[in-house]
Amino acid sequence: MNSIAIDAAVVEGAGSPFRFETLAMDAPGPDQIRVRLHACGICHTDMVMRDGALPIPFPVILGHEGAGVVDAVGPGVTGVVPGDHVLLSFHSCGACGACHDHQPGYCVEFVPRNFLGVTQAGQGGIWRGDERIGGNIFGQSAFATYAFAHSDNVVRIDPDLPLDILAPLGCGVQTGAGTVLETLKVQPGQSIAILGAGAVGLSALMAAVIAGAGRIAVIDRHASRLALARELGATETGNDLAGLDGLFDHIVDTTGVPALLSLAADRLAQRGTLALVGAYPPGGFTIDPSSIMSMGRRIVGVVEGGIDPQSFIPRLITYYREGRLPLEKLIQRYDFADLEAAFAASESGAVVKPVVVMPSN
Ligand SMILES: [Zn+2]
Ligand SMILES: [Zn+2]
């Protein structure tokens with residue numbers, strides 16, 4: 001197979017704007033699946049990476065909620081064939097203890113495979129002349145018309161399903177929903193507070209409704225997001241946790257703001273759990289160890305929901321088909337060429353989950 005020409009949004013260095021370029025993409029090598037992308041969601045981590053706060057290689061192609069159709073597969077790839085519709089998720093090694101336990105979010109190679117763009121010998125790349133463009137972010141780099149994915153991070157879906165609406169399942173939605181359903185295992189009637197009503201928080205909310213939670217409180221600064229939270233099943237909303245009464249069996253922090261966490265830990269009920277899901281800056285927060293001990297409270301970190309995309313994404317698709325995961329209420333579509341505007345809408349809070357749609361789709 002020969003290389004193909006692709007269009008990609010390249011970030012030249014930390015904080016640089018997106019520049020649309022035509023690049024050359026090799027044929028897929030071992031464990032590479034070339035996917036023609038139809039859509040890609042925009043996730044907060046894309047902004048963190050663009051701004052240089054994670055150790056990614058520049059110039060880089062971001063985008064890690066890709067969805068599309070398999071175009072070609074490399075030697076040894078099984079499980080998908082050209083023409084299959086797929087959602088892309090994060091990358092893992094498949095061989096470490098966490099991967100064997102179906103917890104690939106805690107893969108020992110999570111950082112090199114998702115942020116460093118490490119490739120194996122013989123694998124194809126994306127080229128600007130002789131310069132290899134850093135990529136394969138989250139095993140995909142999907143702000144482009146094509147991406148290289150891998151056997152472990154493609155999830156085949158039925159071709160009747162909408163790729164643009166379901167693209168965010170592969171990161172933001174599974175992170176929020178997985179935290180509630182798999183990590184916290186929220187039980188019917190339990191109480192939960194969700195800090196932050198972005199895509200992750202609202203996905204946690206929809207999952208809490210699916211789990212049959214009783215009291216479901218959602219905290220955010222944006223009135224429009226709180227209105228959407230009530231529409232999606234929140235039993236109460238507010239601008240800060242201090243304004244709510246009582247204690248919670250579960251608290252999910254999606255804000256990544258350490259200053260909110262001391263109060264959150266104090267608002268846990270006996271045997272309650274605080275789940276840390278946000279992208280936290282360096283630093284810490286103060287906890288009272290005596291109250292953690294005496295009340296049997298827990299604090300747990302969560303990557304990508306603590307799920308295995310291969311089993312959890314099909315479960316989420318079942319909820320979507322049943323109308324219990326109304327993702328269309330979270331997303332707004334943008335043309336790929338309007339990627340900057342889509343980022344701005346996410347950063348301002350105007351749009352919960354922008355999804356860029358690639359040309360000729
Ligand atoms: Zn692993
Ligand atoms: Zn993400």
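Because the structure is predicted, anything quoted here is derived from the model rather than measured. Both ligands and their constituent atoms are indexed starting at 1 by order of listing. Counting from 1, the numbers follow the sequence of the chain as shown.
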Side chains of [X] and [Y] in contact at under 4.5 Å (non-hydrogen atoms):
X	Y	value
I33	H150	no
V35	D71	no
E231	L228	yes

(message) Tell me whether Q32 contacts the main-chain N or O of Q123 through its side chain, where contact means a donor paired with an acceptor under 3.5 Å.
(response) no
(message) My understanding is that only one of V180, L205, T235 makes a side chain to side chain contact (heavy atoms under 4.5 Å, CB included) with I192; could you say which?
(response) V180
(message) Can you tell me how the ring of F143 sits relative to the ring of F343, calling it parallel under 30°, perpendicular over 60° and tilted otherwise?
(response) perpendicular
(message) Suppose the cut-off is 2.8 Å; which protein N/O/S atoms would you list for the Zn ion (ligand 1)?
(response) C93 SG, C96 SG, C99 SG, C107 SG
(message) Salt bridge check, D338 against R333: does any charged N sit closer than 4.0 Å to a carboxylate O?
(response) no
(message) If I take the Zn ion (ligand 2) as the centre, what angle separates the NE2 atom of H64 from the SG atom of C43? Nearest 10 degrees is fine.
(response) 110°
(message) the Zn ion (ligand 2) and C171: any N/O/S contact shorter than 2.8 Å?
(response) yes
